Amino acid sequence: MNKEYEYSLKVKDVSEFIKYCNDNNYVKEDEYLQTRTLFKNGGPVMARITENEINGKVEKVLNFKDDNLNDNTLKISRESKDLIVTSENEEFVESLLQILDLNNKKVLKRKRYVFVKEYVKFEIDEYLEPIMNVIAIEGIKEEVDKVYESLSELINIQKVD
């Protein structure tokens, strides 16, 4: 189990954050289309089935995460390891969601950009459904806090409440 330390916020436009990453020597690790289906039951944990389409190939993954319902920018959440969903285990995955009484609550479609530098990762999302933009800065607490603070002026301009 991982513990994720992440600042996540809706923004007007992602281009300035992509520019920041490029200008500050972050390595663009990935760029892909993603569909994420959230499964919930009102409890503290949700399931997520994520389909990443990279170069025409789709990878499907199941994981579990704390269902943080608050609107805080900073979120510290437990997150399970990923299970790759294949045709061989798809029936098991469906039965697991059923036995845990987790029901399809929401489908998100987005284009995701991932930039990494040392102990900090940017996940920059342009949502296609529903339409919005989100940035997340995650990693080691001390490093993430420094990056978030250095971006405070841009965040104040771009943040959507």
Side-chain angles (χ1 to χ4, degrees), residues 1-11 14 17-18 21 26-145 147-148 151 155 160:
M1 178 181 64
N2 300 326
K3 205 144 203 186
E4 183 178 69
Y5 184 87
E6 170 185 81
Y7 289 96
S8 178
L9 57 138
K10 292 180 185 176
V11 295
V14 299
F17 296 97
I18 291 172
C21 289
Y26 282 78
V27 175
K28 185 177 180 183
E29 191 174 80
D30 274 314
E31 178 181 331
Y32 51 87
L33 294 176
Q34 183 179 80
T35 301
R36 176 169 282 163
T37 305
L38 306 179
F39 298 85
K40 301 182 178 196
N41 65 8
V45 175
M46 71 172 140
R48 307 180 307 177
I49 292 183
T50 305
E51 295 179 42
N52 296 320
E53 184 182 327
I54 304 171
N55 299 324
K57 184 180 175 199
V58 176
E59 179 184 67
K60 197 172 186 180
V61 173
L62 167 72
N63 66 13
F64 296 86
K65 186 173 182 175
D66 285 331
D67 191 5
N68 277 336
L69 297 175
N70 65 50
D71 288 332
N72 296 345
T73 300
L74 175 61
K75 294 186 185 328
I76 302 171
S77 304
R78 296 174 306 154
E79 188 172 285
S80 75
K81 301 258 186 222
D82 292 341
L83 171 70
I84 296 182
V85 179
T86 65
S87 57
E88 290 82 21
N89 68 11
E90 196 164 34
E91 192 174 316
F92 168 78
V93 168
E94 289 173 15
S95 70
L96 177 62
L97 295 172
Q98 288 172 356
I99 195 76
L100 294 174
D101 199 27
L102 292 163
N103 303 300
N104 181 335
K105 288 295 179 189
K106 188 185 292 186
V107 177
L108 307 168
K109 295 182 180 184
R110 60 192 173 196
K111 182 170 187 180
R112 171 164 280 185
Y113 304 87
V114 180
F115 291 88
V116 178
K117 179 178 166 186
E118 296 171 351
Y119 304 107
V120 177
K121 180 191 326 185
F122 277 80
E123 292 176 337
I124 301 173
D125 297 325
E126 293 178 303
Y127 279 79
L128 309 168
E129 291 177 31
I131 302 228
M132 66 178 157
N133 297 302
V134 175
I135 64 150
I137 309 166
E138 66 180 66
I140 304 290
K141 178 188 181 324
E142 294 77 17
E143 299 301 317
V144 171
D145 288 344
V147 171
Y148 184 81
L151 284 167
I155 288 168
V160 174

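Being a predicted model, the structure only gives us computed values, none of them experimental.
- Residue Leu108 holds its CG atom at 9.5 Å from CD of Glu129, rounded to the nearest 0.5 Å.
- Pro130 and Tyr127 make their closest contact through O-CB, 2.8 Å (heavy atoms, listed as atom of the first residue, atom of the second, distance).
- Note that CZ of Arg110 and CG of Leu33 are 11.5 Å apart. Values are rounded to the nearest 0.5 Å.
- Of the candidates Lys65, Lys141, Lys75, Lys65 is the only one forming a salt bridge (Lys or Arg N to Asp or Glu O under 4.0 Å) with Glu4.
- When only modelled atom types and interatomic distance are considered, Ser77 and Glu79 share no side-chain donor-acceptor pair under 3.5 Å.
- Gln98 contributes atom CD, which lies 10.5 Å from atom CZ of Phe39 (distance to the nearest 0.5 angstrom).
- A salt bridge links Glu31 with Lys111; the closest basic N to acidic carboxylate O contact falls under 4.0 Å.
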May I have the step-by-step check of side chain to side chain contact (heavy atoms under 4.5 Å, CB included) for Ile135 and Leu151, ending in yes or no? CA-CA 12 Å; Ile135 64 150; Leu151 284 167; 5.6 Å; no
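- Applying the ring pair (Phe, Tyr, Trp, His ring centres under 6.0 Å) rule to Phe122 yields the partners Tyr20, Tyr26; only residues at least two apart in sequence or on another chain are considered.
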Can you give the donor-acceptor pairs under 3.5 Å from side chains of residues 112-121 to other protein atoms, not counting sequence neighbours?
residue : atom : partner : partner atom : Å
Arg112  : NE   : Asp125  : OD1          : 2.8
Arg112  : NH2  : Asp125  : OD2          : 2.9
Tyr113  : OH   : Glu126  : OE1          : 3.0
Lys117  : NZ   : Asn24   : O            : 2.9

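- Here the CD1-CD distance, from Ile54 to Gln34, works out to 9.0 Å after rounding to the nearest 0.5 Å.
- Donor-acceptor pairing under 3.5 Å is recorded for the side chains of Asp145 and Tyr7.
- With rounding to the nearest 0.5 Å, the separation of CG in Asn89 from CG in Leu62 is 8.5 Å.
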